Amino acid sequence: MMKRIKVKNLLSNPELGSDVLVKGWVRTKRGNKNIIFVALNDGSTINNIQVVVEVASFDENLLKEISTGACIGVTGKLIESQGQGQHIEISAATIEIYGKSDAETYPLQKKGHSMEFLRENAHLRFRTNTFGAVFRIRHAMAFAIHKYFNDKGFIYLHTPIITGSDCEGAGEMFHVTTMDLKNMPRTADGSVDYNNDFFGKETNLTVSGQLEGELGALSLGDIYTFGPTFRAENSNTPRHLAEFWMIEPEMAFYDLTDNMDLAEDFVKYLIRYALDNCIEDLEFLNNMIDKALLERLKFVVDNEFVRITYTEAVSILTSSGKQWEYQVDWGRDLQAEHERYLVEEHFKRPVILTDYPKEIKAFYMKQNDDGKTVRAMDVLFPGIGEIIGGSQREEQYDRLLSRIKELKLQEKDFWWYLDTRRFGSAPHSGFGLGFERLILFVTGMANIRDVIPFPRTPKNAEF
Ligand code: 4AD
Ligand code: MG
């Protein structure tokens, strides 16, 4: 039995005259009564391999079954191509049909499909050039993230997906319960009694692995998490998912400047990795999806990010002379329109905003001595807005506890978190990179639903 070779390996190192076996899905079939050309793709690369079939040498019924979408295996000789568009092709000796495909009802026809149509057919969209490219790049980015941190001596910490705490304090959580929703046990005061629930307490899907990540950093030094996170925010935008993946490094002995340095180095590394390792897919996306993609990627790698405070940003925005849909006022959170103005029009490069008002940020951020702001940082990217959110953490027990009380959070829920501030606390910092927002930026795709295999958004959990 001949061993199957992947099309990517075949094309990168072709041995003309050798016999090969390839397996894949038929993208197109064309030809005449003497000869048929099949473009075969096996997902290993954006490029197809052309299979040349002499009609006279094959059974007529078998040839009929080679239709768009069908899965076939082909053996044959690798030869130089006479035609245009490819250097090599396979002159077919045997063809095996693994899975027929009815050309009439196959959803992916040759004409270009809308992104919405492909979302509805997400089970098949991997078979298009665009989604093949996107998901190969997504894989490469996941690999590069692990490589980056591993090379730096960070420890990959698996934080829990089911938790009892709300890290961001925004209350946007999906509950986890095994209780009968039609018959919930109640306590004397009428609230839900979780004592008999699976965990004996109220639990939810995590919105962030940070709090547990901090516990790791305050022992192991440098850690990172990389896992799914869940937010029940009813945001129907091209930038929000209810289930998204987040990378959260957490570092002992880092102040906010160290944190910004790491964030900038990290995203530049990832973009450079994509340029170095995914260029065929990126060139395809640059041609088909976003003509400025490659230029933008190179620009971000080659230029320093701007670093300014929230307060400076507010004064730039208020003196810009722009009419905003949402008002800009010191103390109010910035909206996408403001972030995009700073990045795309004012500075024309990525911007890191720091030192936000404490009221619009989470309880765990280190408080500045002004009593008003915290050591937060948001990294803002062209076309995306916020791609990273992070901060230096409040490492002082008293200040942290008073903030927890001020915000009316339950002290008892955080006993383990507070303990790290009682026993060998240390300055430390971290951030969260939204994985899909990174993939949006790197691929030039416009909608976050198109960079995760099966998106979960309000009213949508198909597949
Ligand atoms: O700014 P966020 O909410 O920060 C945290 O969760 C911190 N615990 C991170 C940390 O310091 N360890 O979220 C971090 C990033 C955002 O900048 C954004 O890129 C992404 O996660 N993000 C989302 N991505 C897709 N859909 C959503 N609904 C998202 N919410 C946040
Ligand atoms: Mg944020």
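These numbers come from a predicted model, not from an experiment. Counting starts at 1 for both ligands and their atoms, following the listed order.
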Closest non-hydrogen atom pair between Phe198 and Thr178, with its separation
CB-OG1, 3.4 Å
Tyr156 and ring-ring contact (aromatic ring centres under 6.0 Å, His included): which single residue from Tyr224, Tyr148, Phe226 fits?
Tyr224
If you scan protein heavy atoms around atom 18 (C) of ligand 1, the nearest is Arg437 NH1, 3.5 Å
Quick one: does Trp245 get a heavy atom under 4.0 Å from ligand 1?
no
What's the verdict on side-chain contact (heavy atoms from CB on, under 4.5 Å) for Asn129 and Arg27, showing C-alpha distance, side-chain angles and the deciding distance?
CA-CA 10 Å; Asn129 282 331; Arg27 284 291 175 82; 2.8 Å; yes
For ligand 1, is there an atom lying under 4.0 Å from some heavy atom of Glu250?
no
Classify the contact between Arg239 and ligand 1 as side chain, backbone, both or neither, using a heavy-atom distance cut-off of under 4.0 Å.
backbone
Arg421 to Tyr417 six-membered ring, cation-pi geometry met (6.0 Å, 45°):
yes
Provide the number and element of each atom of ligand 1 under 4.0 Å from a heavy atom of Glu233.
27 (C), 28 (N), 30 (N)
Any ion pair linking Asp378 and Lys361 (charged N to carboxylate O, less than 4.0 Å)?
yes
Side chain to side chain donor-acceptor pair (under 3.5 Å) between Glu337 and Tyr326: does it pass, once the steps are laid out?
CA-CA 8 Å; Glu337 56 171 337; Tyr326 295 90; over 6 Å; no
Do Asp450 and Arg125 sit within salt-bridge range, that is, some charged N less than 4.0 Å from a carboxylate O?
yes
Atom 1 (O) of ligand 1 sits nearest the protein heavy atom Glu386 OE2, 2.9 Å
Side chain, backbone, both or neither: Val379 near ligand 1, heavy atoms under 4.0 Å:
neither
Using a 3.5 Å distance criterion without hydrogens, assess whether the side chain of Arg136 forms a donor-acceptor pair with backbone atoms of Gly43.
yes
Surrounding OH of Tyr98 (heavy atoms of other residues, nucleotides or ligands, distance under 6.0 Å), is the total greater than 12?
yes
Measure from atom 30 (N) of ligand 1 to every heavy atom in Phe435, Phe381, Phe230, Phe244 and give the option owning the shortest one.
Phe244
Under 4.0 Å between a Lys/Arg side-chain N and an Asp/Glu carboxylate O for Arg349 and Glu304?
no
Near Gly389, which atoms of ligand 1 are under 4.0 Å from a heavy atom of that residue?
1 (O), 9 (C), 10 (C), 11 (O), 17 (O)
The Mg ion (ligand 2): protein N, O or S atoms [distance under 2.8 Å]
Glu386 OE2
For Gly390, the atoms of ligand 1 under 4.0 Å from one of its heavy atoms are 11 (O)
Considering both backbone and side-chain atoms of Leu433, is one of its nitrogen or oxygen atoms within less than 3.5 Å of a nitrogen or oxygen in ligand 1?
no
Can you say whether the rings of Phe305 and Phe381 are parallel (under 30°), tilted (30 to 60°) or perpendicular (over 60°)?
perpendicular
In this structure, atom 26 (N) of ligand 1 is nearest to the protein heavy atom Leu241 N, 3.0 Å
Measure the distance from atom 5 (C) of ligand 1 to every protein heavy atom, then report the residue, atom name and distance (to 0.1 Å) of the closest one.
Glu168 OE2, 3.3 Å
Over all heavy atoms of both residues, which pair between Leu294 and Asn286 is shortest? Give the atoms and the distance, please.
N-OD1, 2.9 Å
Give a yes or no on this: more than 12 heavy atoms of other residues, nucleotides or ligands lie within 6.0 Å of atom NZ of Lys8.
no
Ion pair check, Lys147 and Asp151, cut-off under 4.0 Å:
yes
Looking only at protein heavy atoms, which one is nearest to atom 20 (C) of ligand 1, and what is the separation?
Gly434 CA, 3.6 Å
Could you tell me whether Arg422 and Asp419 make a salt bridge, using a distance below 4.0 angstrom between a side-chain N and a carboxylate O?
yes
Looking only at protein heavy atoms, identify the closest one to atom 15 (C) of ligand 1 and say how far it is in Å.
Gly432 O, 3.6 Å
Apply side chain to side chain donor-acceptor pair (under 3.5 Å) to residues Tyr364 and Gln210 and explain how you reach the verdict.
CA-CA 10 Å; Tyr364 50 71; Gln210 178 196 323; 3.1 Å; yes
If the cut-off is 4.0 Å to any non-hydrogen atom of Arg393, which atoms of ligand 1 fall inside it?
10 (C), 11 (O), 12 (N)
Should Ile387 be counted as touching ligand 1, given the test is an N or O pair under 3.5 Å?
yes
Checking contacts here: is it the side chain or the backbone of Gln210 that comes within 4.0 Å of ligand 1, counting heavy atoms only? Could be both or neither.
side chain
Ile388 contact mode with ligand 1 (heavy-atom cut-off under 4.0 Å)
backbone
Nearest heavy atom to atom 13 (O) of ligand 1, choosing from Arg231, Glu248, Met377, belongs to Arg231
To the nearest 0.5 angstrom, please state how far the CD1 atom of Ile155 sits from the CD1 atom of Ile223.
9.0 Å
Looking only at protein heavy atoms, what sits closest to atom 14 (C) of ligand 1 is Met246 SD, 3.4 Å
Suppose I only count heavy atoms of Tyr364 and a 4.0 Å limit; which atoms of ligand 1 are within that range?
7 (C), 8 (N)
